[in-house]
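For reference, the structure is listed below as structure tokens.
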Amino acid sequence: MKKHGALFLNAYTNSPICCPSRAAMWSGLFPHLTESWNNYKCLDSDYPTWMDIVEKNGYVTQRLGKQDYKSGSHSLSNRVEAWTRDVPFLLRQEGRPCANLTGNKTQTRVMALDWKNADTATAWIQKAAQNHSQPFFLYLGLNLPHPYPSETMGENFGSSTFLTSPYWLQKVPYKNVTIPKWKPLQSMHPVDYYSSYTKNCTAPFTEQEIRDIRAYYYAMCAEADGLLGEIISALNDTGLLGRTYVVFTSDHGELAMEHRQFYKMSMYEGSSHIPLLIMGPRISPGQQISTVVSLVDLYPTMLEIAGVQIPQNISGYSLMPLLSASSNKNVSPSISVHPNWAMSEFHGSDANASTYMLWDNYWKYVAYADGDSVAPQLFDLSSDPDELTNVAGQVPEKVQEMDKKLRSIVDYPKVSASVHVYNKQQFALWKASVGANYTNVIANLRWHADWNKRPRAYEMAIEKWIKSTRQH
């Protein structure tokens with residue numbers, strides 16, 4: 001796809017978590033505008049997505065695999081952890097990240113469900129090729145390269161196991177896998193420390209463990225690439241490839257032990273920076289586009305490809321002007337009305353404050369909560385691509401400039417206060433619904449190993465939090 005299409009060098013998620021990020025992609029709106037606060041609270045089941053719109057305009061549509069953008073999904077642990085993130089306790093909510101090998105050097109199908117869905121997709125493409133009268137939109141959502149469940153982690157498990165087979169692992173040049181630099185625990189930003197602790201990453205790790213986790217993650221990416229190859233081969237074999245747009249992207253990234261974390265739920269590059277490649281008719285091959293873009297841009301892009309009018313009041317901008325602007329290898333950001341900034345936000349578990357990121361001209365500004373109670377971070381990605389030096393205290397004028405721009409996009413103190421109220425209300429409703437069984441249920445969520453050391457103290461901390469009025 002990189003050779004035959006366009007690679008967006010600076011693409012970002014609008015929320016580094018499964019459901020809210022997809023809500024942004026399907027709706028074209030920033031998560032706070034649809035109140036997509038966590039993996040449990042996203043779009044209503046009848047929300048009109050861009051695929052619904054193109055279907056009404058004569059396209060045949062099919063959605064296969066992981067969709068995950070509607071409210072009501074994910075585990076009870078995940079939603080309770082998100083609701084109680086303001087409670088002043090520290091509990092490990094995930095399994096310790098690890099790498100496991102399965103199968104042999106001939107086993108290609110490790111994530112069986114993804115391959116099953118890819119088989120269904122290729123069969124659907126073959127059927128679509130026989131009907132030349134109607135154009136189509138096909139969506140295929142993969143689980144890969146998401147870590148696999150760790151069955152030692154209580155209710156519905158956590159997902160901290162990086163699993164692959166020797167077939168895919170041999171594709172990774174192991175000696176080139178880098179060991180990321182870590183800050184000392186005592187010098188981490190407080191929200192980063194909370195994330196590292198809840199993700200079970202504060203204990204010592206050997207270099208071998210870290211290198212294995214990263215290598216196995218890359219092998220999982222290779223398997224995902226193999227699945228993409230199946231789809232492209234099906235399009236090619238049916239003669240559809242030359243007249244079909246293909247888009248490859250992700251809901252978020254994977255830290256893979258960068259910043260002493262795995263998973264996502266962070267504004268660091270490993271978590272918030274995503275792949276985005278597009279190829280198709282009238283897209284010059286080999287383009288590398290430096291304009292910063294995000295998932296909300298896919299909504300108007302899909303509508304423009306379909307020839308459908310783009311609504312006015314959405315957060316995203318069509319990428320088609322960027323794709324058709326030039327056949328040069330590097331396209332100047334000035335050639336499109338697309339703004340050269342990206343905004344991302346996070347309100348879920350494993351971070352104890354609502355988090356907002358503004359990426360603008362290789363500066364990354366990260367604000368928290370109400371903007372006052374938690375110190376912001378600022379990174380100069382041009383000189384510090386690994387984001388190891390927070391320069392917020394050194395360039396206060398840049399902090400002020402970035403904060404002003406962020407507030408012009410989102411009134412983040414107000415949004416944070418709304419999330420705080422939502423979390424308390426939802427937890428109280430859930431607690432009441434559980435009734436007399438509350439003590440037993442809450443003790444057996446993913447945090448059970450730590451919770452059961454001091455169960456009464458943690459229950460009292462929650463009771464005190466419910467009664468408090470302080471806004472975050």
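Residues: numbered from 1 along the sequence shown. Only this structure's heavy atoms are used, side chains among them; waters, hydrogens and symmetry mates stay out.
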Indicate whether the side chain of [X] and that of [Y] have a donor and an acceptor atom separated by less than 3.5 Å.
X: T291; Y: N340; result: no
X: S75; Y: N78; result: no
X: T49; Y: R63; result: yes
X: Y217; Y: T164; result: no
X: E304; Y: S318; result: yes
X: S354; Y: R85; result: yes
X: D86; Y: H420; result: yes
X: D192; Y: S195; result: no
X: S344; Y: N14; result: no
X: D403; Y: Y412; result: yes
X: H74; Y: D68; result: yes
X: D380; Y: S383; result: yes
X: Q377; Y: Y368; result: yes

Would you please name every residue forming a side chain to side chain donor-acceptor pair (under 3.5 Å) with [X], sequence neighbours left out?
X: Y245; answer: R282
X: T161; answer: S150
X: T122; answer: none
X: Y59; answer: none

Q.
Enumerate the side-chain hydrogen bond (donor to acceptor under 3.5 Å, both in side chains) contacts for residues 219-237, please, sequence neighbours excluded, ordered by first and then second residue.
A.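 Passing the test, one end in residues 219-237: W115-E223.
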Rounded to the nearest 0.5 Å, what separates atom [atom1] in [X] from atom [atom2] in [Y]?
X: N100; Y: Y148; atom1: CG; atom2: OH; result: 11.0 Å
X: C19; Y: L43; atom1: SG; atom2: CG; result: 7.0 Å
X: T84; Y: Q426; atom1: OG1; atom2: CD; result: 13.0 Å

Could you pull out all residues at least two apart from [X] that satisfy side-chain contact (heavy atoms from CB on, under 4.5 Å)?
X: E81; result: S77, Q93, S349, R446, W447
X: R211; result: Y174, V177, I179, E207
X: A129; result: T238, L240
X: P311; result: Y299, L303, I314

Answer whether the closest heavy-atom distance between the side chains of [X] and [Y] falls below 4.5 Å.
X: L295; Y: S21; value: yes
X: I125; Y: L138; value: yes
X: M357; Y: L406; value: no
X: F8; Y: I278; value: yes
X: M265; Y: K199; value: yes
X: I17; Y: D350; value: no
X: I232; Y: M1; value: yes
X: I213; Y: F262; value: no

With distance as the sole test, does [X] use its side chain to make a donor-acceptor pair with the main-chain N or O of [Y] at under 3.5 Å?
X: S373; Y: A369; answer: no
X: D44; Y: Y47; answer: no
X: D386; Y: L388; answer: no
X: S271; Y: M267; answer: no
X: D114; Y: L144; answer: yes
X: D384; Y: L381; answer: no
X: S27; Y: L29; answer: yes
X: K181; Y: E258; answer: no
X: D297; Y: L319; answer: no
X: S250; Y: G253; answer: no

**Q.** Residue list, ring pair (Phe, Tyr, Trp, His ring centres under 6.0 Å) with Y12, at least two apart or on another chain
**A.**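 Expected list: H273, W359.
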(Q) Tell me every residue that passes ring pair (Phe, Tyr, Trp, His ring centres under 6.0 Å) with Y268, counting only those two or more places apart in sequence or in another chain. (A)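 Ring pair (Phe, Tyr, Trp, His ring centres under 6.0 Å) check on Y268 returns H259, F379.
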Q) Could you walk me through whether Y194 and H189 pass the ring pair (Phe, Tyr, Trp, His ring centres under 6.0 Å) check? A) CA-CA 9 Å; Y194 178 93; H189 187 277; over 10 Å; no
Q. Tell me the ring pair (Phe, Tyr, Trp, His ring centres under 6.0 Å) pairs involving residues 15-34, sequence neighbours left out?
A.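 Listed by first then second residue: W26-W50, W26-Y69, W26-Y139.
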Q.
Just checking W124 against F136, ring centres under 6.0 Å apart?
A.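 Between W124 and F136, the centre distance is under 6.0 Å.
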Q: Flag the pair H146 / F162 as yes when their ring centroid distance falls below 6.0 Å, and as no otherwise.
A: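 No: the rings miss the under 6.0 Å criterion.
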(Q) Salt bridge or not between E401 and K404? Use side-chain N to carboxylate O under 4.0 Å. (A)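 Judged by the 4.0 Å cut-off on N to carboxylate O distance, E401 and K404 do not form a salt bridge.
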Q. Which of these passes side chain to side chain contact (heavy atoms under 4.5 Å, CB included) with S315: V410, V296, T34?
A.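 With S315 as partner, V410, V296, T34 yield a single side chain to side chain contact (heavy atoms under 4.5 Å, CB included), made by V296.
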**Q.** Steps toward side-chain contact (heavy atoms from CB on, under 4.5 Å) verdict (E35, K41)
**A.** CA-CA 7 Å; E35 297 185 349; K41 174 67 174 70; 3.6 Å; yes
Q) Does K364 count as lying over the ring of Y362, i.e. NZ or CZ under 6.0 Å from the six-ring centre, within 45 degrees of the axis? A)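 No, a cation-pi geometry is absent between K364 and Y362.
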Tell me the closest heavy-atom pair linking [X] and [Y], and the distance in Å.
X: V172; Y: A215; result: CG2-O, 3.7 Å
X: Q287; Y: L323; result: NE2-O, 3.0 Å
X: E94; Y: Y263; result: OE2-CE2, 3.5 Å

Q: Verify the neighbour count for atom NZ of K405: are there more than 12 heavy atoms of other residues, nucleotides or ligands below 6.0 Å?
A: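 Yes - once you tally the heavy atoms of other residues, nucleotides and ligands closer than 6.0 Å, there are more than 12.
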Q) Which class fits the ring pair W37 and Y422: parallel under 30°, tilted 30 to 60°, perpendicular over 60°? A)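 Judged by the thresholds at 30° and 60°, the geometry between W37 and Y422 is tilted.
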